[in-house]
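Throughout, protein chains are lettered first and strands after them, A, B, ... in sequence-line order, and every chain is numbered starting at 1.
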2 protein chains.
Amino acid sequence: MSDGPQQQTGQSLLFLTDEQLRKGIEAMFFAYRGFTADPDRILEEKSYGRAHHRAIHFIHRSPGTTVNNLLSILGVTKQSLNRVLRTLIEDGLVASTVGKKDKRERHLHLTPEGAVLERALSDAQRDRMRAAYRTVGPDAVAGFRQVLEAMMDDQTRHHYEAMKDRAE
Amino acid sequence: MSDGPQQQTGQSLLFLTDEQLRKGIEAMFFAYRGFTADPDRILEEKSYGRAHHRAIHFIHRSPGTTVNNLLSILGVTKQSLNRVLRTLIEDGLVASTVGKKDKRERHLHLTPEGAVLERALSDAQRDRMRAAYRTVGPDAVAGFRQVLEAMMDDQTRHHYEAMKDRAE
DNA sequence: TTGGAATGTCAACAAAGCTGACGTATTGTT
DNA sequence: AACAATACGTCAGCTTTGTTGACATTCCAA
């Protein structure tokens, strides 16, 4: 064969070789380390971990969200999330208020102090992202986002889409 | 101002807004879950974890690598890696042989059985990657790789580059 | 009104990271 | 030859963050 099993519509399928895919896999692995490195440094000072960061991020994104909702976004068990939330509440970074309609629910908000940490974390993470984006330009960034979205699970993509256009 | 602080060379900087960057951050977070989901399922059956997967992957990539080298690629402590390596060796997936030139070193290889698991894991991970790549096309994939590479730490990028073109 | 479903909390355990200390074999240096 | 440095393995103990199981509270529907 000269062009692979699929019908070629004029463009090469060389980007689908195992070798190319393996490079993508390794790039993803190594890049994720960079992605978390800067916030990790800030978190370490305060003795928090990535789980705290994720909780803070999505509470900031969806103020008033319930524990259950946060659970399904983060994809962990409620017991695991609860431990993190408890410390954040004790430390005064997150406020938990009993639901008005349904008293079983707890609505979560960042306190002013929590918002300060959120800002520090997301600034750090955005700085690296911005530098990368600026280096490669808008077309590459568009491709980046397309691949990531195509890589998500359907359920996960649902969460992502739901949040995506909320504030634009 | 009408066009932002930087000098515009004709193209918009809208892709550098905080909002766009936040979307990229969330896309990265959600996509990484998809990225690991398929191998995770296979690993769970065998009571292994992601740490085992990473070790197997890079031993496959660099047959005969030493423990020290693997350590610096993975970015963990030797105690942590050793725990994983020990179980893989006990289970007969990895072979550790004393170095010929330097007898202090141990050279790591996958056994045939280890290669079988490696293949299963990377097939699963590649399938998803391939589907994503195919959906978005080669230009988007090129952008994806560019952004990931720009996001890495310098040290990490060094490991990535060193491995990148070994087999093409 | 009562029993089941939903929401959230507490307890105990496991995986996988970490530091620190130490032993052993080997290599390199003085 | 003596000594320091390197590579590796291991023990002990700690932290973060995931898990399952048991339980209290609240809501809703039969």
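Considering only heavy atoms from C-beta on, A:Asp91 stays 4.5 Å or farther from A:His52 through its side chain.
For the pair B:Ala51 and A:Arg106, nearest-nucleotide mapping onto DNA chain C gives the more 5' position to A:Arg106. Mapping A:Ser47 and A:Lys101 onto DNA chain D via the closest heavy atom, the residue that lands nearer the 5' end is A:Ser47.
Ion pairing between A:Arg50 and A:Asp40 holds under the 4.0 Å rule for side-chain N and carboxylate O. Salt bridge status for B:Arg86 with B:Glu90: absent, with no side-chain N to carboxylate O gap under 4.0 Å. Taking the charged nitrogens against the carboxylate oxygens, B:Asp18 and A:Arg119 do have a contact shorter than 4.0 Å, which makes a salt bridge.
A side-chain contact (heavy atoms from CB on, under 4.5 Å) with A:Tyr48 is found for one member of A:Leu43, A:Val84, A:Leu121 and no other, namely A:Leu43.
The residue A:Lys103 sits close only to the backbone: its heavy atoms come under 4.0 Å of sugar-phosphate atoms, none of a base. Within the nucleic acid shown, B:His107 has no heavy atom closer than 4.0 Å to any nucleic acid atom.
With a cutoff of under 4.0 Å to any heavy atom of chain B, the contacted region of DNA chain D is bounded 5' to 3' by D:dA5 to D:dC11.
For B:Ser80 and C:dA16, the shortest distance from a side-chain N or O to OP1 or OP2 is not below 4.0 Å.
What separates NZ of A:Lys78 from P of C:dG8 is a distance of 8 Å, to the nearest Å.
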Candidate pair A:Glu26 and B:Phe58, rule side chain to side chain contact (heavy atoms under 4.5 Å, CB included), full reasoning | CA-CA 10 Å; A:Glu26 289 177 356; B:Phe58 286 108; 4.1 Å; yes

